[in-house]
Amino acid sequence: MKDMKKNIGLLTFLLGFALFLGCEEESSNQPYGVDDTMPGKVLLNEVINKPGGAVIYFNSPTDVDLLYIKATFTDDKNREREVKVSYVLDSLVIQGYGTVGEYNVALSAVDRGENESEKTNVTISPLEPPVKTIFPTLVGEVD
C-alpha cells in the first residue's frame with residue numbers, strides 16, 4: 001500500500017513536471033490571415049446629398065481578406081469622425097452636419113491585418129438640416 005502511494009505521488013509529480021515543460025507562451029497574438037499587403041482602392045459610384053449629410057455609393061475591392069470600408073471626415077465643428085461599414089455593403093451614410101457647405105470625406109478599405117488602402121477622396125455638399133428647416137415654423141406658447 002505504501003509503495004502504491006509512492007508511485008502515485010511520483011507519477012503525479014512527473015505529470016505536473018511534464019505539463020510545466022510542455023507549455024510555451026506563444027510569441028505573437030495576431031488575427032488569422034495577417035499579411036502586409038494593402039487591399040485595393042475603393043471605387044466611387046455616386047454621392048447623393050441629403051439634409052444634414054450624404055449617402056456615398058461605392059464598389060469594394062475584391063481582396064479575400066477585406067474586413068470593412070472606412071470613411072474619415074471632419075464635421076462642421078472641426079471634430080474628426082469616422083464611419084465604418086461591412087465590406088458586403090455598397091454604401092455608407094455620413095450625417096450630422098449643421099451647416100450647408102462642401103466637405104471632404106476620405107474612403108479607404110481595411111483588411112483583417114488592419115492594412116489600410118490608398119484613400120479615395122470624395123466631396124459632399126449636405127443640404128440644409130431638418131432642424132434649421134423646421135425651427136422658423138415652431139411656435140411656443142405658455143401652457
Side-chain angles (χ1 to χ4, degrees), residues 4-143:
M4 185 120 160
K5 286 184 180 180
K6 278 185 181 180
N7 288 340
I8 290 174
L10 183 61
L11 186 63
T12 305
F13 173 75
L14 289 175
L15 184 63
F17 188 68
L19 286 174
F20 177 74
L21 290 178
C23 296
E24 287 184 28
E25 193 170 321
E26 202 167 310
S27 60
S28 66
N29 294 327
Q30 296 179 346
Y32 178 73
V34 173
D35 59 11
D36 291 331
T37 307
M38 287 177 30
K41 191 173 179 179
V42 177
L43 301 175
L44 181 65
N45 278 345
E46 183 181 13
V47 175
I48 299 176
N49 294 308
K50 302 277 185 181
V55 179
I56 301 173
Y57 291 91
F58 56 85
N59 285 336
S60 299
T62 57
D63 295 343
V64 177
D65 62 344
L66 187 64
L67 191 57
Y68 60 88
I69 306 298
K70 178 171 75 169
T72 55
F73 58 96
T74 304
D75 65 8
D76 56 346
K77 294 186 167 96
N78 273 343
R79 293 180 293 198
E80 288 290 324
R81 297 180 60 194
E82 68 180 25
V83 174
K84 296 177 184 177
V85 295
S86 173
Y87 70 94
V88 298
L89 298 176
D90 69 343
S91 64
L92 56 83
V93 178
I94 306 291
Q95 58 188 1
Y97 286 98
T99 56
V100 176
E102 289 191 350
Y103 301 96
N104 291 320
V105 178
L107 297 176
S108 59
V110 180
D111 66 8
R112 295 190 190 283
E114 292 298 319
N115 299 315
E116 196 168 329
S117 72
E118 183 181 336
K119 295 189 184 309
T120 302
N121 292 313
V122 181
T123 301
I124 63 170
S125 300
L127 306 175
E128 188 172 29
V131 171
K132 289 190 177 179
T133 307
I134 296 170
F135 188 71
T137 63
L138 292 177
V139 177
E141 296 179 5
V142 176
D143 199 18

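Model, not experiment: these values are computed from the prediction. Note: hydrogens, waters and symmetry copies are ignored here, and every other heavy atom, side chains too, is used.
Under the 3.5 Å distance criterion, the side-chain polar atoms of Asp63 are matched with a main-chain donor or acceptor of Gly40. Checked by atom type and distance alone, the side chain of Asp65 never pairs as donor or acceptor with a backbone atom of Arg112 at under 3.5 Å. A side-chain donor-acceptor contact under 3.5 Å links Thr120 to the backbone of Val42. A donor-acceptor contact shorter than 3.5 Å is absent between the side chain of Ser91 and the backbone of Val55.
A distance of 10.5 Å separates CG of Asn121 from CG of Leu44, quoted to the nearest 0.5 Å. Atoms CG and NZ, from Leu89 and Lys84 in turn, are 14.5 Å apart once rounded to the nearest 0.5 Å. Taken from OG1 in Thr74 to OH in Tyr97, the straight-line distance is 7.0 Å, to the nearest 0.5 Å. A distance of 11.5 Å separates CD of Glu82 from CG of Leu92, quoted to the nearest 0.5 Å. Ile94 CD1 to Lys50 NZ: the interatomic distance, rounded to the nearest 0.5 Å, is 14.0 Å. Here the straight-line distance linking atom CG of Asn115 with atom CG of Leu67 works out to 11.0 Å at 0.5 Å rounding.
When side chains are defined from C-beta on, Asn45 counts as touching Asn59, because their heavy atoms get closer than 4.5 Å. Put simply, the side chain of Ile69 does not reach to within 4.5 Å of the side chain of Ser117, judged on heavy atoms.
A ring-centre distance under 6.0 Å is not found for Tyr103 and Phe73.
Contact between Ala109 and Leu66 at its shortest, heavy atoms only, is CB-CD1, 3.6 Å. Closest heavy-atom contact between Val100 and Pro126: CG1-O, 3.7 Å. For the pair Val85 and Phe58, the tightest heavy-atom approach, listed with the atom from each and the gap, is CG2-CZ, 3.9 Å. The shortest non-hydrogen separation linking Thr99 to Asp76 is N-OD2, 3.1 Å. In this structure, Ser125 and Asn49 approach most closely via the heavy-atom pair N-OD1, 2.9 Å.
Listed by chain and number, the residues in a side chain to side chain contact (heavy atoms under 4.5 Å, CB included) with Thr133 are Glu128 (sequence neighbours excluded). For Asp75, the side-chain hydrogen bond (donor to acceptor under 3.5 Å, both in side chains) test picks out Arg79, with sequence neighbours left out.
Counting heavy atoms of neighbouring residues, nucleotides and ligands inside a 6.0 Å radius, atom NZ of Lys119 exceeds 12 of them.
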Using the rule given for side chain to side chain donor-acceptor pair (under 3.5 Å), can you reason through Ser108 versus Glu116, listing the C-alpha separation, both sets of side-chain angles and the distance that settles it, and then say yes or no? CA-CA 6 Å; Ser108 59; Glu116 196 168 329; 3.0 Å; yes

